[in-house]
Amino acid sequence: MEANEKRSVFGELLLEHRRAAGWTQGRLAEASGISVRALRELEHGRARAAQRRSAEVLADALGLAGGDREFFLTVAKQGRRRNPALAAQVAATCALPAPTADLSGREGELEQLSAKVAEGDGVVAIVGQAGVGKTALAVTAADLWRAEFPDGGYAVDLRGMDERPLSAGTALDRLLRALDVAPGQVPASEAERSSLLRMLLEGRKVLLLLDNAADEAQIRPLLVTGPGSLTLITCRRTLAGLEGARWLALEALSDDGATGLLAKIIGADRVDAEPAAARELAELCGYLPLALRIAGNRLATRPQWSLAQLADRLRDESTRLRALAAGDLRLRPAFDLSYRAVSPGARRLFRLLATVPGADFGLELAAVVSGAPPADVRDQLDELVDASLLQTTAEPERHQFHDLIRLFAEERFEAEEDPAARDTVLLHLLGKAAEAARLFYPKATETGRFGSREESARWLDVEGGNWVAAHRVAARKGMHREVRDLAVALHWYSDGRSAQRPWWEIFSLGAAAANALGDAGAEAKLLNFVGWAASVCLGDDEGAVAAHRRALDIADGIGDRVEQTWASIYLGQVLRLTGKTDEAFEFAKRGYELAGELPFWDGQTTARNVYGRALLNAGRHSEALAVHRAVLSDAERLAGETYPGFHRLLNALTLRAIGDVLGDLAEWREAAGHYRTGRWLAWEGGFDALEATCAFREGRAWREAGAFEEARECLTLAVELCAGPSFGALREQATAELALLPAERRLSFGPTEREGR
C-alpha cells in the first residue's frame, strides 16, 4: 500500500474478515467469483465499496451471518452513497454550535484544555456545576481547533439533566445519520451502532462534542478515540469512572474575568463608570458565568438602570435567585435539574447541609445534620460532589457550597424540612466547642469525647469557622444560656491566640447573653474578657478600660472577689497603656494583693506579672525582677498542677517580662536570651502572637547589643509571623527596626501581643 493511500471503512472490514478466515485474495476471488484485482482495489481503498450484489456474494463466500452480515452490508452501502446535498443536510443536525461571542476570563482554561488534549488519548471531560460555562468553553475550543480536524466536527446534546436523558442508542443513530448512513441501514443494537461509528471514523480526524452528558454509561458507546480524533465532553458530574479520559474541572470566574464578561455584555463604559458596583455584582453572582450573563442581559435591556441599582436588588439573599432571571435565562431551574438528578438520600443531605453555619464542613457535621450512619453520609457527600452540588476544599474530607448553590439549598430546606432542624447543628457545635475549650482551663483533665487536649485543639481549629458562626446565630436566636456558656468556656483557650478568632465579638455576645439571663457573675467575668480583647486584639485601650470598670462595678455590687481581682489586674495593665500610670500602679498592686486568694495557675501568675510590669514602669527594676523570677520558680515547683501547654505559655510570658526589665537596664544580650527562650516556648505551644512579639523584642535587643545578624534573623521572622491584619502595628515596628540595621534588605511588612493575662 502506498504511503498516501488510505483504506476505506469497507476495505478495512473486508480485509479483517478475509484474514480472520485465513484466506488469500486468490482463494476469496475463487470462492466469490470476484477478481483478485477488484478485491485488491476494495481492500486498498481505491474503490470505496462493493456494489450491492458483489457485497452479498462476498458475505456469502466469507460465511457471514446475523449481525456480522448485516453490518458488512450496511458498511458497503454506506460506501456507495453519493448524495452530498442530502448528506450535508443530515450532518447539520449534529453540527458544532456557533461559539459564544462574549466569552471572557477563560484564556487560562483554554490553555489547560489544549495541554490536556495534547497529552491525552483523545477524550477530555469538562466538568463543573450548573452555570459555570462548560458548554461555552467547549464550543469556543472546538471552533478554535476546527482547522485541526479536517474530516469534520459533530455535536450532540445528550440532555443529561432532563428527566429522560438522550439514550446512547439514539445519540448513535443521530451521529450515524449525520455521517450519511441511511435510516434503514442503521443497525438495531446499540453495540452494533457503536461499532459502526468507530469503523466509519477510523483513520479520520474528527472532533466530537458530547454536551451535557448524564453519566459514564451514556458516554462510553459514543467515544471516538484514535490518532487525530478528539471527543470533548461536558458534564455536571465528575465522570470519575470514565476510563482513559483527561479532566478539566471548571471553576467560577476570577474577579477580572467576571467584570470583563459584564463589560462585554453591557459595554466597558458602563463598567468603568461604576467599578465598585461591577465588582459587587460579580461577587453577588458568585462569579458564575450564567448568573453574570443574566445580570448583564437585564442591564443591557434596561439602559436606564445603574449597576448599583441591580446590585441593591441582589443583596437580599432571600430573593437573589428569583432576581437572577432574564427572559428564558434562569438560574434556579439550572440548579434544580442537578438537584433532581441525585438520590433521595443525597437530596435530603443537601437540604440539611444548609443549616451548617460556617463556610465548610466535614463528615462529622454532615452526619450530625442528617442523623444517618457515617458510611451512608460519606457516599451521599461523594454523590453531591459528583453532581457538582458540593465542592471539595483544599483541606482533605472538607466540603463547601458555591454561594449561589447554598442559597438554593436554603430554599429547598425551607420548602421541604422542619425549621427546628436548624438547632441540631447549632447545639452540637456550641456544646462541643465549650467542652473542647474547657480542656484548656489550668487544672483541666483530659476526659470526655476528646482523646487528648491536642485533639480538642485540632477540632477547635478545623471547625473554628463553624462554632464562631454558630455562636453568632445562637445569639440572634436568643439562645442566651448556650451563648454565655461557650463564651465563658473560651477564656483560657483564647490566651496566646489573640489573632485567631474574633474574641471581642465572642465575649461581647457572651456578656449580653449573661445580662439577658440576669447572671451578674458571668456578666462581670465576660466584661473582663471583653476588655482584654479590646486591648489585646483591637488596640482599643479606652474601650478596654470602660469594660473593666463596668466589670468591677458589677463585681463590687455582688461581692464577687474573683472578678474584683481580675478587673483590678486588667485595669493595672491597660491604664498604663493609656498613660494613667499612677492609677495603673494602684490597680496592679491591688490585684497583686487580692490574687493571694486565687489558685496559683488561675489568676495569681497573671496578677504577679502585671505587678512586676508596674514596678518596672516605676523604675523599681530589682523588685520587678524578683517578682517575675519568683513566678518562674513557683511555676516549676507547681508544674504538676497544670498541663504542659499552659505551663509553657506562662513561662513564655514571664520570660518576656524579665526580658523587658533587662532591656530597660540595657543588659541587652541577657534580655535577648530570655526573649529567645520565650519565643521557642511560644512556638512549641502554637502561640503565634506571643512568638511574634518575642521575636520582635529579641531582634531589637540583638540590634542594641550590636549583634546585627542575629537581629536581622529575629526581625525578619517577626515580619513573616505578622501576616494578618491584626498584626499591623507590630509589623511596622519590626520593619522599622530592620531599617536601622546596617546593609539590611528593606522589607515592607511586620499588633503586638499586648501584655498577656
Side-chain angles (χ1 to χ4, degrees), residues 439-444 446 452-454 456-458 460-461 491-500 532 536 573 600-610 612-613 616 624-625 627-663 667-702 710-711 713-723 727 730 734 751-757:
L439 285 176
F440 293 89
Y441 281 34
K443 293 189 176 183
E446 295 176 324
S452 66
R453 194 168 283 105
E454 288 71 24
S456 69
R458 282 195 299 271
L460 287 165
D461 287 344
H491 172 208
W492 294 105
Y493 174 74
S494 65
D495 261 338
R497 298 175 174 86
S498 62
Q500 293 181 13
W532 169 83
V536 171
Q573 177 174 289
F600 175 77
W601 294 106
D602 195 352
Q604 193 182 124
T605 55
T606 304
R608 290 162 67 176
N609 277 336
V610 169
R613 165 64 72 178
L616 167 62
L625 284 174
V627 168
H628 294 312
R629 285 170 175 163
V631 171
L632 281 183
S633 176
D634 288 346
E636 284 303 311
R637 180 172 56 83
L638 301 172
E641 295 183 5
T642 191
Y643 59 92
F646 190 72
H647 184 222
R648 190 179 294 119
L649 172 64
L650 184 279
N651 277 356
L653 289 168
T654 309
L655 286 163
R656 185 187 66 180
I658 294 174
D660 290 346
V661 179
L662 293 170
E667 297 177 13
W668 294 112
R669 287 187 173 273
E670 192 176 350
H674 282 76
Y675 289 136
R676 170 157 294 191
T677 305
R679 172 163 65 87
W680 279 103
L681 290 172
W683 173 78
E684 288 175 351
F687 307 122
D688 296 342
L690 182 56
E691 182 187 359
T693 305
C694 288
F696 163 69
R697 296 188 188 184
E698 182 189 348
R700 184 177 58 188
W702 285 126
E710 291 87 345
E713 175 189 342
C714 294
L715 292 169
T716 301
L717 174 62
V719 169
E720 292 172 353
L721 291 171
C722 294
F727 288 108
L730 185 56
T752 190
E753 168 76 357
R754 313 284 286 278
E755 299 305 321
R757 266 178 269 178

[X] and [Y]: which non-hydrogen atoms are nearest, and at how many Å?
X    : Y    : result
A671 : L662 : CB-CB, 3.8 Å
A718 : A734 : CB-CB, 4.1 Å
L655 : L681 : CD1-CD1, 3.7 Å
G699 : A711 : O-CB, 3.4 Å
G612 : A624 : O-CB, 3.4 Å
L439 : A444 : O-CB, 3.5 Å

Tell me, with the steps shown, if C714 and Y675 meet side-chain contact (heavy atoms from CB on, under 4.5 Å). CA-CA 10 Å; C714 294; Y675 289 136; over 6 Å; no
Could you state the interatomic distance from [atom1] ([X]) to [atom2] ([Y]), rounded to the nearest 0.5 Å?
X    : Y    : atom1 : atom2 : answer
R679 : F696 : CZ    : CZ    : 14.0 Å
R656 : L690 : CZ    : CG    : 5.5 Å
L632 : H674 : CG    : NE2   : 7.5 Å
R458 : L460 : CZ    : CG    : 11.5 Å
F646 : W601 : CZ    : CH2   : 7.0 Å
L625 : E667 : CG    : CD    : 8.0 Å

Check the pair T677, W680 against side-chain contact (heavy atoms from CB on, under 4.5 Å), reporting the backbone distance first and the verdict last. CA-CA 5 Å; T677 305; W680 279 103; 5.9 Å; no
Side-chain contact test, heavy atoms from C-beta onward, threshold under 4.5 Å: evaluate it for L650 versus N609 and give yes or no.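 With C-beta onward as the side chain, the pair touches.
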Non-hydrogen side-chain atoms of R608 and F600 separated by less than 4.5 Å: yes
Short N-O contact, D634 and R637, less than 4.0 angstrom: yes
Ignoring hydrogens and geometry beyond distance, is a side-chain donor-acceptor pair present between W702 and E698 at under 3.5 Å?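 Judged by distance alone, the side chains do pair up.
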Given S498 and W532, is the side-chain contact (heavy atoms from CB on, under 4.5 Å) satisfied, shown in steps? CA-CA 10 Å; S498 62; W532 169 83; 4.2 Å; yes
Check against side-chain contact (heavy atoms from CB on, under 4.5 Å), E636 and N651: CA-CA 9 Å; E636 284 303 311; N651 277 356; 3.6 Å; yes
Test side chain to side chain donor-acceptor pair (under 3.5 Å) applied to D602 - qualifying residues, sequence neighbours left out: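 With neighbours one apart ignored, the set is empty.
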Would a distance-only check, ignoring hydrogens and angles, find a side-chain to backbone donor-acceptor pair under 3.5 Å from S633 to A630? no
Main-chain N/O of E713 paired to T716 side chain as donor or acceptor, under 3.5 Å: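 No: the side chain of T716 does not pair with the backbone of E713.
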Please tabulate, one pair per line, all N/O donor-acceptor pairs under 3.5 Å involving side-chain atoms of residues 638-645, not counting sequence neighbours.
unit_1 : atom_1 : unit_2 : atom_2 : d
T642   : OG1    : P442   : O      : 2.4
Y643   : OH     : F440   : O      : 2.8

